[in-house]
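Residue numbers count from 1 along this sequence.
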Amino acid sequence: MNLNRFTKQLSVTRLAGILLAGILVTACASGPGSEEPKGVPSPFSRVTKEASWYLDQVDDQKPQDAFTWQILAARSYLATGKPAEAAKLLKALRKQAKSAAQFAQLQLLEAHVVLAKGNAKGALALLGKKPATKLDVDTDKDWYLQRAALQLDNKDRFGAAKSLIALDPLLQEEALKENHRQIWVLLQGMTPATLQSLQDAAPPDVTTGWLQLAELVNQYGAQPDQLVRQLHLWKRSFPKHPALGDMPAGLDKLLEVELTTPLQAAVMLPLSGNLAVQGQAIQNGILMSYKQSGGQLKVKFYDTQAHAIPALYSQALKDGADIIIGPLLKDRVQELMTLKPTIPVLALNEIDKPVTGDKYYYFSLSAASDAAQAARYLHEQGYRQPLVLAAQDRIGYASVQSFDKAWQEASGGRAIIATFGGRQEIEGMVRSALSGKAAAGRIQPVASNEAEQHNTFNGIDAAYIVGNPTETRSIKPYIDFNVSQAKGGLATFTAARGYDSASREVLPELNGLHISDMPLLLGHNDDILQQVQVLWPQLQGDNLRLFAMGYDAFTLTSKLQQLRASPSLSLSGLTGQISVDPSGVILRQPVWGVYNNGIVRDGSLPPPATDTSNQTGTSNEATPQPDAATPEQPAASGDNTDQQGQAL
């Protein structure tokens with residue numbers, strides 16, 4: 001697991017400031033004030049008076065109280081920048097000390113004096129080994145806080161953590177929560193090997209408990225189901241650990257997850273009829289994931305084209321299913337959810353009005369979700385004003401709405417939208433959209449000290465195409481023709497739906513197109529891809545994506561609760577980086593590649609072994625055509641047939 005998902009990076013200066021400035025409240029000294037103490041306070045309680053006031057309280061007839069008042073006076077001198085006066089009092093107090101507690105108090109006071117004179121190492125040496133004698137709470141707090149701050153300044157993270165762990169029983173409420181957060185941040189900066197080597201006491205030792213907690217998050221963070229199991233085992237070993245009352249990084253939510261793992265899955269897919277090929281692609285993905293997981297979860301398939309959903313649901317319950325994967329088609333999903341299933345459901349599509357519940361999950365490969373992800377990606381990459389070009393159909397409208405909503409949430413602005421009713425309208429639509437009229441007044445001016453990150457054309461710095469491969473192939477050249485190529489043209493993006501990954505044709509007009517797709521199709525899972533090509537060579541393009549969906553869906557079955565309980569967790573799947581939002585929607589982060597002469601590659605990966613490798617399914621025998629230096633006017637296509645395909 002990436003530990004930064006659980007904690008923020010520690011700032012040494014910030015933590016030292018927190019420890020010394022008062023977020024942990026009662027232990028920190030302050031400058032003199034007007035508040036008058038009641039009775040004889042602790043020698044290391046909050047300083048509120050001038051040194052002279054404390055010295056006036058000294059009564060030689062009460063030597064123990066006199067000792068305390070003089071320590072307070074010395075600390076008041078330190079608080080007002082008079083270390084020499086404090087040192088004189090310290091020297092006098094050495095002659096008066098009689099008990100072990102008084103000698104310990106002088107040791108702490110000396111550390112303050114030495115530190116005030118600029119000798120941090122000397123102060124830390126004095127505080128390194130705390131006397132075993134019993135001290136009052138305020139003195140203990142001051143000792144541990146001062147030592148933790150000095151250790152942190154000395155880059156001794158574990159020493160600082162141990163000091164804060166020793167401080168923990170002395171704190172309450174907000175101070176206790178802050179202390180736990182600081183302990184966690186300190187330990188998360190250590191390697192697993194270091195965490196393990198520092199465990200020198202057996203459970204239920206508190207320090208060992210903190211170390212083991214950090215270690216298991218390091219080890220199992222990328223395996224949510226294992227992390228839940230390990231957290232429960234940790235709790236058994238440390239049943240009274242202070243972290244249980246205030247678990248760091250949302251781990252308390254994972255501890256609330258019951259240790260329930262499904263035993264049998266009912267998979268509802270179209271395994272006959274006109275969508276049998278798609279259903280079988282998902283089935284193959286589930287079967288491969290089942291085999292690689294060791295077959296701990298039994299699987300039984302049900303054909304949604306052969307029987308009605310109510311009958312299949314009833315049969316699945318009789319067969320002992322305790323989780324349902326599917327259905328695939330929207331209307332079948334809607335039909336199942338109206339039955340209010342009593343077992344968890346991982347639907348393989350979204351519905352217009354989702355039925356929510358802690359057992360219901362929705363996993364889809366919709367163009368709308370791709371568009372939302374694209375909007376967030378463009379914003380992260382520093383683009384300021386995107387143009388969205390889409391067909392006037394159900395998929396186009398849904399994608400436009402999804403993109404614009406995500407863009408507003410990320411940037412506070414609006415995307416420019418352009419739509420077309422038919423391919424004959426594309427040329428005019430592109431020309432009008434790029435004219436600059438739509439962008440007028442929308443772009444925020446670039447500050448004088450800030451350089452533009454990307455090429456712009458009439459205020460637009462990115463174009464996102466929502467269309468099928470034929471539409472994308474028409475739109476991209478028109479963009480290139482209308483935009484000056486002198487500075488590299490206009491960055492153009494689309495999703496996997498916008499190109500045919502199974503095509504053997506090289507399309508120079510798509511060169512430079514940024515395409516989001518699944519890691520499986522962009523070179524991240526070559527070992528699995530090779531197995532697929534041997535077992536099911538017919539799986540290409542969209543069917544290969546459905547295979548990946550089935551694979552990830554089965555992988556998710558034992559992890560859904562954990563991922564939902566902690567949205568910061570994610571796992572690497574064939575379809576992308578996967579997480580679950582609180583409403584049960586599966587979020588999928590794809591990867592981005594760039595098309596170049598028939599090949600789409602993710603630039604973050606090493607280059608292929610040879611230049612003839614084929615990442616999109618194009619033939620190695622295809623001869624790439626050279627890129628044109630300047631785009632020519634696109635020729636009108638005689639093919640007026642849209643390749644929209646049937647939406648699942």
Side-chain angles (χ1 to χ4, degrees), residues 1-2 5 220-228 261-262 265 267 269 278 281-294 296-297 299 323 325-326 328 344-350 361-367 369-370 372-374 376-377 495-497 501 515-532 536 539 541-581 584-593 602 604-605 615 648:
M1 163 170 292
N2 181 350
R5 294 176 183 225
Y220 298 104
Q223 303 169 289
D225 53 336
Q226 286 295 325
L227 180 56
V228 169
T261 302
V267 183
L269 294 170
Q278 289 88 339
I282 296 175
Q283 182 182 40
N284 290 337
I286 290 174
L287 289 172
M288 178 173 281
S289 182
Y290 166 82
K291 181 179 180 181
Q292 294 184 349
S293 69
Q296 297 180 356
L297 175 65
V299 181
I323 188 171
I325 301 175
L328 177 63
V345 174
L346 175 57
L348 299 181
N349 211 325
E350 295 176 341
Y361 301 84
Y362 299 91
F363 184 17
S364 78
L365 305 181
S366 70
S369 62
D370 287 340
Q373 188 280 329
R376 291 187 287 267
Y377 174 78
R497 179 176 174 268
S501 59
I515 301 171
S516 67
D517 209 337
M518 298 179 181
L520 178 65
L521 278 81
L522 292 186
H524 286 256
N525 308 97
D526 285 346
D527 53 339
I528 293 179
L529 184 59
Q530 290 171 6
Q531 295 179 54
V532 172
W536 304 288
L539 288 181
D542 286 343
N543 287 334
L544 185 57
R545 295 184 182 92
L546 289 172
F547 167 89
M549 183 189 199
Y551 187 100
D552 285 353
F554 187 82
T555 303
L556 281 168
T557 53
S558 61
K559 303 173 175 63
L560 291 168
Q561 285 182 303
Q562 299 92 322
L563 289 170
R564 189 175 194 167
S566 184
S568 61
L569 291 177
S570 66
L571 60 87
S572 296
L574 301 188
T575 61
Q577 195 71 18
I578 299 173
S579 58
V580 181
D581 76 7
V585 175
I586 310 300
L587 303 178
R588 184 177 58 87
Q589 182 81 14
V591 292
W592 287 85
D602 178 0
S604 67
L605 294 177
Q615 294 298 321
L648 297 178

State, with a plain yes or no, whether a side-chain heavy atom of [X] is found less than 4.5 Å away from one of [Y].
X	Y	result
Val585	Glu350	yes
Leu556	Tyr361	no
Ile586	Leu346	yes
Asp370	Arg497	no
Met518	Pro590	no

Measure the [atom1]-[atom2] distance between [X] and [Y] for me, rounded to the nearest 0.5 Å.
X	Y	atom1	atom2	value
Leu571	Thr555	CG	OG1	7.5 Å
Leu563	Ile578	CG	CD1	8.5 Å
Leu521	Asp542	CG	CG	9.0 Å
Leu287	Gln283	CG	CD	5.5 Å
Leu520	Thr575	CG	OG1	9.5 Å
Asp527	Asn525	CG	CG	6.5 Å

Of all the heavy-atom pairs spanning [X] and [Y], show the shortest one and how long it is.
X	Y	answer
Ile325	Ala553	CG2-CB, 4.2 Å
Asn543	Ala281	O-CB, 3.4 Å
Ser516	Ala495	OG-CA, 3.4 Å
Gly576	Pro519	N-CD, 3.4 Å
Met549	Ser364	CE-CA, 3.8 Å
Leu569	Gln562	CD1-O, 4.1 Å

Those residues that, when tested against Trp536, pass ring pair (Phe, Tyr, Trp, His ring centres under 6.0 Å) (two or more places apart): Phe547
Derivation of the side chain to side chain contact (heavy atoms under 4.5 Å, CB included) call for Arg588 and Leu365: CA-CA 9 Å; Arg588 184 177 58 87; Leu365 305 181; 3.6 Å; yes
Under the salt bridge (Lys or Arg N to Asp or Glu O under 4.0 Å) test, residues paired with Asp552 that sit two or more places apart: none
Partner residues of Asp602 under the salt bridge (Lys or Arg N to Asp or Glu O under 4.0 Å) criterion, sequence neighbours left out: none
Stepwise side chain to side chain contact (heavy atoms under 4.5 Å, CB included) check, Gln531 with Lys291: CA-CA 13 Å; Gln531 295 179 54; Lys291 181 179 180 181; over 6 Å; no
Candidate pair Val267 and Phe554, rule side chain to side chain contact (heavy atoms under 4.5 Å, CB included), full reasoning: CA-CA 9 Å; Val267 183; Phe554 187 82; 5.9 Å; no
Check: Ile286 main-chain N/O paired with Ser289 side-chain donor or acceptor under 3.5 Å: no
